[in-house]
Amino acid sequence: MTLRLHNTLSGAVEELKPLSPPEVRMYTCGPTVYNRAHIGNFRTFVATDVLRRALRHLGYKVTSVMNVTDVEDRIIKFAADAATDIKGFTEPWIAAFEQDMAAMRIEPHDHFPRATAHIPEMVALIERLTARGHTYTADGSIYFRIASLPEYGRLSRLDVAGIQAGTRVDNDRYEKENARDFVLWKLKSDEPKWAQWDAPFGPGRPGWHIECSAMSMKYLGETFDLHAGGVDLIFPHHENEIAQSQGGTGKPFVRHWFHVEHLLVDNETMSKSKGNFYMVRDLVDQGHRPDAIRYLLLQAHYRKKVNFSFEGLGHAVAALERIHSFVRRLPDASGDGPVTPEVEAAIAKAKQAFDEALSDDLNTPEALAAVHNLVSDGNSLLVNGLVSRSGAAALRATIEVFDRVLAVLLPSDEDRLSPEEQALFDERQDSRKRREFQRADEARKKLEGLGVILEDTPKGTRWRRGR
RNA sequence: GGUGGCGUAGCCAAGUGGUUAAGGCGGAGGUCUGCAAAACCUCUACUCAGCGGUUCAAAUCCGCUCGCCACCUCCA
């Protein structure tokens, strides 16, 4: 099945046509590692994770790269303040990022390259750009001359000529021919030695944009299929990547640009000054479920702003529990019969709706609706005794297929009752057997206080964690 | 000023020319249950910011008005 996906380059939803199907080569702009990533960052990373999983689900083979920006003004400053160097400073933040990624159930990428490990590639690209007449030197730094590339501004639809006439003051203190020109290689003699690299054109460090051009081309080729990031990267970052890459190779850079809208908090952009700045780690430490955060993000289409709120997070938990409850009760199905036609029909309907939703510009809200419809149908069939053991297995298998894309549908099994909880649980079971309901209810109350909710079923008593 | 986008039920959110406007949360009533939870059944937008237009037909296309937002600052 093919994927129709919005392409920022054309401004339209169009079929993704990989260069060498069934392989799709994709690149996601990753984190700048000077602190924890926040929930807004993760909206983008979750969206690209689902995109990647959806591509695989639809039959593509995906090679995925995410970069780590580990050379940048703040990193150098903070590292110097901490009397360490880049590696010493960024290593813990990279580890923290990987921890958060895992919590959000984002699959590790095939390549996770660091900028500082690819300086020679960047230097080589700058030399190619110079050879093709796209650069100039000012105060020892090397700049890209946007006037040398007529198509500059196409991705972001910026009227470059109009902007040139504008009066916006650039805060860069170097001399530039044009306010929109951007730095490829910075001469920064006032910065520590460990933040400088040798190059044929003099020591210094790379500008921000060049790393993505150099690393994406190294791992994915000079032209590749899909490049992803947050909408704020369209300009200038991605525009400049295109300029550097196409300026250097003379070939098209990326065929399909995928941009994820911003997450808002209380209908405003996140900012530290507003105090609405949430780190995934903090939310998890406060006891919020990472799967619910992920669910919340998937509930909205990736091209629409989504508002993060604790109320919304609560709704997400409730919705998620409905799905998890269904999965937990599936083993209660009995009967040796074959999968009934009713179950088969429900599964077929759900699969079709699910695939169509994903194929249509990665419509995760609609994919979730397909899941919920399957849960409704499944519950109803269970009540009516139309689900045999094999039927339950088929339903479970279907949820598992869906979950390979969404990664929120299955309740975690590793959760166990603590000894204290288990004792209360056993006590209640004994009391119930003796029909001492008062005592049984007390035990239930205590467990509830510990966040364990009991459900008595014909098959025995189940428990789950909840409020 | 330039560019892009949004406004659908109490809340979140699909749908973008044509059957009864998905789905979730919440709410109301009922069934089941020692109690409860879960689940099931029924109900919960005669209507898609407002006004006008195009069309046999519009939440969906066009225009205007109102409201909100993002980017044009190395911020996902």
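Reminder, nothing fancy here: chain letters follow the sequence lines and each chain counts from 1. As the structure is a computational prediction, the values presented were derived from the model and not from experiment.
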Provide, to the nearest angstrom, the distance between the [atom1] atom belonging to [X] and the [atom2] atom belonging to [N].
{"X": "A:R435", "N": "B:rC35", "atom1": "CZ", "atom2": "C1'", "result": "11 Å"}
{"X": "A:L447", "N": "B:rA36", "atom1": "CG", "atom2": "P", "result": "18 Å"}
{"X": "A:R428", "N": "B:rA37", "atom1": "CZ", "atom2": "C1'", "result": "10 Å"}
{"X": "A:D100", "N": "B:rA76", "atom1": "CG", "atom2": "C1'", "result": "14 Å"}
{"X": "A:F144", "N": "B:rC74", "atom1": "CZ", "atom2": "P", "result": "16 Å"}
{"X": "A:E342", "N": "B:rC40", "atom1": "CD", "atom2": "C1'", "result": "16 Å"}
{"X": "A:I323", "N": "B:rG23", "atom1": "CD1", "atom2": "C1'", "result": "10 Å"}
{"X": "A:E356", "N": "B:rA22", "atom1": "CD", "atom2": "C1'", "result": "13 Å"}

Watson-Crick or G-U wobble mate for [N], both contacts under 3.5 Å:
{"N": "B:rA38", "value": "none"}
{"N": "B:rC71", "value": "B:rG2"}
{"N": "B:rU60", "value": "none"}
{"N": "B:rA49", "value": "B:rU65"}
{"N": "B:rU55", "value": "none"}
{"N": "B:rC11", "value": "B:rG24"}

*Got more than 12 heavy atoms from elsewhere within 6.0 Å of CZ, A:R439?*
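No, the 6.0 Å shell around CZ holds no more than 12 heavy atoms from other groups.
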Quick one: label [X] by what it contacts on the DNA or RNA (base, sugar-phosphate, nothing), any heavy atom closer than 4.0 Å.
{"X": "A:R74", "result": "sugar-phosphate"}
{"X": "A:P236", "result": "sugar-phosphate"}
{"X": "A:L454", "result": "base"}
{"X": "A:V260", "result": "nothing"}
{"X": "A:I234", "result": "nothing"}
{"X": "A:N379", "result": "sugar-phosphate"}
{"X": "A:H301", "result": "sugar-phosphate"}

Would [X] and [Y] count as a close aromatic pair, with their ring centres under 6.0 Å?
{"X": "A:H238", "Y": "A:H227", "answer": "yes"}
{"X": "A:H288", "Y": "A:F310", "answer": "yes"}
{"X": "A:Y278", "Y": "A:H38", "answer": "no"}

*asked:* Please check this pair: side chain of A:S359 against backbone of A:L3, looking for a donor-acceptor N/O pair closer than 3.5 Å.
replied: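 Such a contact is absent between A:S359 side chain and A:L3 backbone.
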Which listed nucleotide ([options]) is nearest to the side chain of [X]?
{"X": "A:R157", "options": "B:rA39, B:rG23, B:rG4", "value": "B:rG4"}
{"X": "A:A369", "options": "B:rG23, B:rC25, B:rC35", "value": "B:rG23"}
{"X": "A:R43", "options": "B:rA38, B:rA39, B:rA76", "value": "B:rA76"}
{"X": "A:H262", "options": "B:rC71, B:rC40, B:rA37", "value": "B:rC71"}
{"X": "A:H315", "options": "B:rA76, B:rC11, B:rA14", "value": "B:rC11"}
{"X": "A:A318", "options": "B:rG24, B:rC25, B:rG23", "value": "B:rC25"}
{"X": "A:F437", "options": "B:rA76, B:rG34, B:rC25", "value": "B:rG34"}
{"X": "A:S380", "options": "B:rC74, B:rC40, B:rA76", "value": "B:rC40"}

Verify the distance criterion only: is there a donor paired with an acceptor across the side chains of [X] and [Y] at less than 3.5 Å?
{"X": "A:T32", "Y": "A:E72", "value": "no"}
{"X": "A:N240", "Y": "A:Y152", "value": "yes"}
{"X": "A:D232", "Y": "A:H262", "value": "yes"}
{"X": "A:Y34", "Y": "A:R74", "value": "yes"}

*Which sits closer to the 5' end of RNA chain B, A:G40 or A:V375, going by the nucleotide each is nearest to?*
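That would be A:V375.
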_Earlier contact from the 5' end, RNA chain B, for A:T269 and A:R444_ =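 Nearest-nucleotide comparison on RNA chain B picks A:R444.
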*When rounded to the nearest Å, what value does the distance between C1' atoms of B:rG17 and B:rG26 take?*
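To the nearest whole Å, 33 Å.
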*Taking atom P in both B:rC25 and B:rU16, what distance in whole Å separates the two?*
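The same atom, P, in both gives a distance of 24 Å.
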Quick one: does [X] reach the base of [N] with a side-chain donor-acceptor pair under 3.5 Å?
{"X": "A:D456", "N": "B:rC35", "answer": "yes"}
{"X": "A:N363", "N": "B:rG15", "answer": "no"}
{"X": "A:R322", "N": "B:rG24", "answer": "no"}
{"X": "A:R329", "N": "B:rA38", "answer": "no"}

*Can you name the salt bridge (Lys or Arg N to Asp or Glu O under 4.0 Å) partners of A:R435, sequence neighbours left out?*
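In terms of salt bridge (Lys or Arg N to Asp or Glu O under 4.0 Å), with neighbours along the sequence ignored, A:R435 is linked to no residue.
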Which pairs, protein N/O on one side and nucleotides 5-7 of chain B N/O on the other, fall under 3.5 Å?
| from | atom 1 | to | atom 2 | distance (Å) |
| --- | --- | --- | --- | --- |
| B:rG7 | OP1 | A:K304 | NZ | 3.3 |

